[in-house]
Amino acid sequence: MQTVSQAAYSKFIEQIQAHQVQYATIQGDRITYRLKASHGGDHYETTLETGAWPELQTLLRQYGVECSTPQTNAGAMGALFGLLVSAGMLAGALAWLTKFSEAGGGLGNVAGVGKSKARVYGQGKTGAKFADVAGVDEAKQELQEVVDFLKDGEKYRRIGAKIPKGVLLVGPPGTGKTLLAKAVAGEAGVPFFSMSGSEFVELYVGVGASRVRDLFSQAKRQAPCIIFIDELDAIGKSRGNSAIGGNDEREQTLNQLLTEMDGFDDNSGILLIAATNRPEILDAALRRPGRFDRQVLVDRPDKSGRQAILQVHAAGVTLGENVDLAAIATTTAGFTGADLANLVNEAALMAARNNRQAVLMADFDEAMERVVAGLEKRSRVLSPMERKTVAYHEVGHALVGALMPGGGKVSKISIVPRGLGALGYTLQTPEEDRFLMLEDELRGRIATLLGGRSAEEVVFGKVSTGASDDIQKATDLAERAITLYGMGSLGPIAFEKQQAQFLDGGTTRRTVSGEVAAEIDRLVKQTIDQAHHQAQMILRHNRDLLESTTEILLETEVLEGEQLRSILAQVQAPEGFAP
Ligand code: ADP
Ligand code: MG
Ligand code: ZN
């Protein structure tokens, strides 16, 4: 039974900006929406303010809120709203186009093309080169290969090598995905067709699909060339699982895109590049061979990457002698390329405002405050205390993981914030391919998962909210150990029905008696408690190592290789310890 509460429109906007909204259904001017489970999961209803649709659309997209707009019965209200919306969208599009052509001065021949609305840049005229992109060396390296294909396709074709059809750039917003795509075109010297996923899909059914068709037919005439689809998730969301009704228009657009991708052969000289910051919601069909078969990760930069990006953006400004880019790189953990570009620009503005000839370190300090204030709203930059908590947490995982079986060798600890939500991570690489897990390994794995939270408890005597994902995973594992693998006193009876692996439905529990259910819960709790206790014991016993390692990690942000190995070799088992 779901109850729906009324909310003010302004409240709705606030909740979106606070990343609390899971999805929204917009029907006429009525918006029903639901908060994420982590924020109570409640349903609300509010009323769209007149003319606010374009902004709302942008906002929903920016904050990754799932949204559906079911077709209304064409009542009077619906028709009126339809008009309002399209007028609003048109105004939005016009404003955007004007803005673009102002900025487009240096970009070469920018022109809107017929129906497809794609922006076309002439050969190598995107105004970007690889040298403009820094701190993402691995991605650049992979794309360098793609540039070679485009430049000298004949060479590859002669040997019969298959040229990739589609490259998917995956990474958080502002890390340089769009810039990289433009750089590929700039380096290869081929035409570049650019369109954003959200521009395909409009109100009227069939428009998106025809835009896709149009885009590809234009591109075919200009091959070799690049088609770039930004924000692929706007059309590439997996089909048929939307929570509230389907979205025919989007599905049709996606189907058309898949058809077009299958329709041109490897030798046509068209390369499709797409970008997304939400790879997890993409339709699996997009990743089949012959479609986006290459994925390139464009991640937030580490310290040296940040310094390189600062250098790129500082190249155009006069720096005072006291400006230390390495020092700035140190204090900007979690910043993306876009944030760093913004920082340099703010500092330059600050210097100009003060009538200085050069940008001084003081300008950077002041700019930092502004930029960080902006970022904190988007909850991306950690306070020193938060950073410390994350560092202890990750070291906790690593130290417990070094001692406990089941997770493989701890090969990397990082506190460079990654993706949405992950503030740090500890990487364990299995020593060999494992298909079976022994009971002690399972328990070890659970203890390692709880090592992060345990470190927080041992050090601070309290826990943060950062461990929720670990706890979820640990609980799942414990539950599976007991109900699926028969590893508890209930014996080898499967209490979960296993489902075919490619159905995402997960597992559901067999109907069991109340007593058995209570027993399962008790055993799960017991398993978790034991592992938790073990993790705490290990960390208490290795308290000095926990402190010294955390200190190093706070300084370097990433620990790996020989340095990490020698630290982990020092972890000692508590007395009487049996994993
Ligand atoms: P994304 O598409 O991943 O959201 P963009 O490519 O739009 O990010 O980045 C926005 C701007 O931020 C770029 O135009 C550039 O000025 C700056 N920027 C982002 N990443 C980098 C990078 N790795 N190196 C240099 N500049 C970057
Ligand atoms: Mg982009
Ligand atoms: Zn964790």
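Just so you know, ligand 1 is whichever comes first in the structure, and atom 1 is the first atom listed for that ligand.
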Heteroatom proximity flag, G176 to ligand 1, N/O under 3.5 Å: yes

Electrostatic pair E187-K140, nearest N-O below 4.0 angstrom: no

Min heavy-atom dist A275 to ligand 1 below 4.0 Å: no

The Zn ion (ligand 3) to D470: nearest N/O/S atom name: OD2

Worked check of salt bridge (charged side-chain N to carboxylate O under 4.0 Å, His left out) between E441 and R445: CA-CA 6 Å; E441 293 178 321; R445 185 91 200 89; over 6 Å; no

I273, T178, L232, V136 screened by side-chain contact (heavy atoms from CB on, under 4.5 Å) with L169, the one that passes: I273

Ligand 1 N/O within reach of K177 N/O, cut-off under 3.5 Å: yes

Nearest neighbour in protein (non-hydrogen) for atom 10 (C) of ligand 1: A338 CB, 4.0 Å

Ring centres under 6.0 angstrom apart (F228, F192): yes

Backbone or side-chain N or O of I309 under 3.5 Å from ligand 1 N or O: no

Closest non-hydrogen atom pair between A474 and L450, with its separation: CB-CD2, 4.0 Å

Per atom 1 (P) of ligand 1, closest listed option by heavy atom (A128, G174, G135, P172): G174

Residue selection (non-hydrogen contact nearest atom 15 (C) of ligand 1) among V170, L179, D132, V344: L179

NE2 (H397) to the Zn ion (ligand 3) to NE2 (H393) angle, given to the nearest 10 degrees: 90°

Shortest protein contact, atom 21 (C) of ligand 1 (heavy atom only): G337 CA, 3.7 Å

Atoms of ligand 1 close to P173 [distance to a heavy atom under 4.0 angstrom, numbered from 1]: 4 (O)

Residue H313 vicinity, atoms of ligand 1 by number, heavy atom under 4.0 Å: 15 (C), 16 (O), 17 (C), 25 (C), 26 (N), 27 (C)

Salt bridge (charged side-chain N to carboxylate O under 4.0 Å, His left out) between K412 and E394, worked out: CA-CA 10 Å; K412 184 172 179 177; E394 297 306 330; over 6 Å; no

Protein contact to atom 2 (O) of ligand 1 [nearest heavy atom, distance to 0.1 Å]: T178 OG1, 2.6 Å

Identified side-chain contact (heavy atoms from CB on, under 4.5 Å) partner of L553 from the options L564, I567, I415, V390: I415

M404 side chain near T448 side chain, heavy-atom distance below 4.5 Å: yes

For atom 22 (C) of ligand 1, closest protein heavy-atom neighbour: A134 O, 3.6 Å

side-chain contact (heavy atoms from CB on, under 4.5 Å) partner of F292, the single match among V170, L272, V167, L282: L272

